[in-house]
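So the structure is just underneath, and the comments pick up after that.
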Number of protein chains: 2
Amino acid sequence: MTERADWAELRQRRMAEPGADEAYAAARLAFELGHAVRELREGLGWSQTQLARAAGMTQSAVARFEAGGTVPTLVVLERLARALDMRLDVRFSPLADAA
Amino acid sequence: MTERADWAELRQRRMAEPGADEAYAAARLAFELGHAVRELREGLGWSQTQLARAAGMTQSAVARFEAGGTVPTLVVLERLARALDMRLDVRFSPLADAA
DNA sequence: CCAACTCATAGCATCGACGCTATGGGCTGG
DNA sequence: CCAGCCCATAGCGTCGATGCTATGAGTTGG
């Protein structure tokens, strides 16, 4: 990644800063989710525009999300999940112990 | 629950409205997460105030969250998870197939 | 009966996520 | 070479989630 984005860079820095533990985790989560959605979308052979329509949002929103531009809201995640015909799973799980 | 809250009621109505599918799902998720946190907290024998301190927020925020007053942000969920020494798990999973 | 603690809300300010529209660059088929 | 589609951002306005502070009700111990 060269340096196309802006927030992409900012977020990177943020994630590098010490003490930003939780913020870091959230950003990472956002990034991974974005990635996941992208793969699912491509898997279906859809364009961002198509997914956007299906999820009731705009192409720009999808792009921003996939790129990890913001920490998504549960509402949005839910919408995307539906559009992709998936189930959104959010839960607290033990750190190391059994499940 | 009589009718102590305000948003509690509003949210109820919202959830009842047709076509509010995703909003409904999000609200439900919020409610369940709130419940989960409450149980975890009580399990540790902590007061909302204690958890709030541990998670870097105020008692009111914890109360609002546990009551399902708002759809929490991933950032907040992450903070709570840490405070409770748990791991926040967010993922897209198939609707019916295996987990 | 009072003090102290716990939890539920209210009210207010701020910040960030989302929605929309408009571009710009990259690719591809005519 | 132009038209058309795809994706990445930029800007801007709005709304909702959080944070804080201040109460009020319910409990409990002294």
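Quick caveat, the model's predicted, so the values are computed rather than measured. Below, chains carry the letters A, B, ... as their sequence lines are ordered, and counting in each starts from 1.
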Could you check Arg53(B) against Gln59(B) for side chain to side chain contact (heavy atoms under 4.5 Å, CB included), going step by step and ending with a plain yes or no? CA-CA 8 Å; Arg53(B) 290 175 65 87; Gln59(B) 178 264 322; over 6 Å; no
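Of the possible polar contacts, none joining the Arg91(B) side chain to the Asp89(A) backbone as a donor-acceptor pair under 3.5 Å is found. Between the Gln50(A) side chain and the Ser47(A) main chain, a donor and an acceptor come within less than 3.5 Å of each other. Between the side chain of Arg79(B) and the main chain of Ala55(B), a donor-acceptor pair closer than 3.5 Å is present. Without hydrogens or angle criteria, Arg87(A) side chain to Ser93(B) main chain gives no donor-acceptor distance under 3.5 Å.
For His35(B) and dC7(C), the NE2 to P distance is 15 Å, given to the nearest whole Å. Spacing between atom CZ of Arg79(B) and atom P of dT18(D) amounts to 9 Å, rounded to whole angstrom units. For Leu74(B) and dC15(C), the CG to P distance is 21 Å, given to the nearest whole Å. Atom pair Met57(A):CE and dA17(C):C1' shows a separation of 12 Å (rounding to whole Å applied). Between the CG atom of Leu80(A) and the C1' atom of dG19(C) there is a distance of 14 Å, given to the nearest Å. In this entry the distance linking CG of Leu51(A) with P of dA8(D) reads 12 Å, nearest Å.
Of the candidate nucleotides dA17(C), dT18(D), dA17(D), dA17(D) has the atom lying nearest to any side-chain atom of Val71(B). Minimum atom distance to the side chain of Val76(A) is reached by dC18(C), of the listed dG19(D), dC18(C), dA17(D).
Contacts between residues 37-50 of chain B and DNA chain C, defined by a heavy-atom separation below 4.0 Å, involve Arg38(B), Arg41(B), Ser47(B), Gln48(B), listed by number.
Put simply, Thr73(B) has no side-chain N or O that comes within less than 4.0 Å of OP1 or OP2 on dA17(C).
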Measure all distances between protein nitrogen or oxygen atoms and nitrogen or oxygen atoms of nucleotides 21-28 of chain D, and list the pairs falling under 3.5 Å.
unit_1, atom_1, unit_2, atom_2, d
dT21(D), O4, Ser60(B), OG, 3.0

